[in-house]
Amino acid sequence: MKIINVVGTRPNFIKIAPIMEQMSMVSAIDPFLLHTGQHYDENMNQVFFDQLGIPKPDMYLGVGSGNNANQVSEIIKCIDPVLDQERPDALLVVGDVNSTVACAWAASYRKIPVIHVEAGLRSFDRSMPEEVNRIITDQLSDLLFVTEKSGIENLFREGVDSEKIHFVGNVMVDTLKKNRDLAERDSRILETLKLESKQYIVLTLHRPSNVDTIGVLKPILEVINELSKELKVVFSVHPRTREKIKEFDLEHITQPFSTIGPLPYLDMVCLMSHSKLVLTDSGGIQEETTILRVPCVTIRENTERPITIEKGTNLLGGIQRDSILMAVKSILEFREKDRGVPDLWDGKTAERIVKVILSWAIRL
Ligand code: UD1
């Protein structure tokens, strides 16, 4: 059974690593890795392949950056001849980025079954391109792997056939559990940045809704500047955010932060696990901090990952000064022993996914 596995962006690499590993151990599956090229900078791309032992892609589309519509249409245009040539038995996509929806869409037109890993998550906010990507990808998918129970309810509500849905846990956790000790052993990030364990905050911001308008970005950075008077802030800056800070002339606000570029996986895991608090608008980091048992405040009005809030590791801080400060105060007061781990986030999700794919393939 030939399966094309799609990656394009940084979080996709973290999710695909354990799936590729499990597939390569099964003789019935011939995994083919396709990289769209949505992310291409060394530290957003190659370093993840090196650190996570992901094989070199069998095909690289090199689509690069662009607005949502251009990026999606470019990927569809580029992958279509590959599907024609390779004639896979299925195409597997992960997450909710433009590469995910574009490849699912192209495969559907060619009647190639689509497998979606991380199906069913919903923020109920269609102003996010990711929400649009999730809804479309799930509607086009033949096999849907869900990370948390809210995903099952969302898919039922949208009329997805229950036979297609499998609650298997979270592949990001597989990668985290496999690499956590290695990160602790090999990363020198604390020494490099002269940090002491539990004496700093980690900050990441990259959502267009947070960084593309000065009226939103400036107050967020100002409140974090306030927090930096109490505790050092380490800011790992996405290229989109770096450009915007420069364009809006906000460097004086981030000046007290320890500002660094996108980090390799092992450094990021080490940095987060020793932090006192993580402030983020990333989806994956809400999940990773849940496993690392580090308090997280999500700088957004909503989350598609409500289980992280139920388990007491994450709080929504919104995007206003007072709500962010309130969330920071509350999460730091929450007791360690009250923080839980979601069901099936046990490091064995990719194994379960491959088993389900094998039994599904027999029925095809
Ligand atoms: C994308 C995903 C987002 C995900 C994030 C993870 C979509 C709609 N968004 O957002 O869901 O959380 O990846 O990081 O798919 N750039 C570089 N180098 C790179 C990649 C991007 O400089 O290697 C810059 C370019 O200026 C580009 C901008 O970052 O225009 C945005 O990149 P893009 O892939 O469009 O979206 P992300 O913000 O990274």
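Remember, it's 1-based here, ligands and their atoms both numbered in the order they're listed.
- Residue, atom and distance of the protein heavy atom nearest to atom 31 (C) of ligand 1 are Arg240 NH2, 3.7 Å.
- The number of heavy atoms from other shown groups lying within 6.0 Å of CD (Glu336) is above 12.
- In terms of protein heavy-atom proximity, atom 16 (N) of ligand 1 is closest to Tyr40 OH, 3.5 Å.
- For atom 24 (C) of ligand 1, the candidate residues are Pro262, Pro239, Gly8; the nearest heavy-atom contact is made by Pro239.
- Between the side chains of Asp267 and Ser187, a donor-acceptor pair is found at a separation under 3.5 Å.
- Residues Glu158 and Asn154 bring no donor and acceptor atom of their side chains to less than 3.5 Å of each other.
- Of all protein heavy atoms, the one closest to atom 25 (C) of ligand 1 is Ser65 OG, 3.4 Å.
- Taking any N or O of Thr9, backbone or side chain, none lies under 3.5 Å from an N or O belonging to ligand 1.
- Crowding of Lys77 atom NZ: a count of heavy atoms from other residues, nucleotides or ligands under 6.0 Å not exceeding 12.
- Contact annotation for Pro11 and ligand 1: only side-chain heavy atoms (C-beta onward) come within less than 4.0 Å of the ligand.
- Scanning all protein heavy atoms for the shortest distance to atom 4 (C) of ligand 1 gives His206 NE2, 3.7 Å.
- Closest protein heavy atom to atom 20 (C) of ligand 1: His39 CD2, 3.4 Å.
- The number of heavy atoms from other shown groups lying within 6.0 Å of CZ (Arg110) is above 12.
- At most 12 heavy atoms of other shown residues, nucleotides or ligands fall within 6.0 angstrom of atom NZ in Lys276.
- Summarising the local packing, CD of Glu191 is surrounded by more than 12 heavy atoms from other residues, nucleotides or ligands at distances under 6.0 Å.
- Here Asn68 has side-chain heavy atoms under 4.0 Å from ligand 1, and that is the only part of it that gets that close.
- Between His39 and Phe13, the ring center distance fails the sub-6.0 Å criterion.
- Contact annotation for Arg10 and ligand 1: only side-chain heavy atoms (C-beta onward) come within less than 4.0 Å of the ligand.
- In terms of protein heavy atoms, atom 18 (N) of ligand 1 is closest to Asp41 OD2, 3.0 Å.
- For Arg335, the CZ atom sits in a loose shell: 12 or fewer heavy atoms of surrounding residues, nucleotides or ligands are nearer than 6.0 Å.
- Side chains of Gln38 and Thr9: no donor on one and acceptor on the other come within 3.5 Å.
- The heavy atom nearest to atom 37 (P) of ligand 1, considering only Glu130, Gln71, His238, is found in His238.
- Counting heavy atoms closer than 4.0 Å to ligand 1, residue Met128 contributes nothing at all.
- Polar contact check, Glu243 against ligand 1: a nitrogen or oxygen pair lies under 3.5 Å apart.
- For atom 8 (C) of ligand 1, the nearest protein heavy atom (residue, atom name, distance) is Asn98 OD1, 3.3 Å.
- Nearest non-hydrogen protein atom to atom 2 (C) of ligand 1 is Val97 CG1, 3.7 Å.
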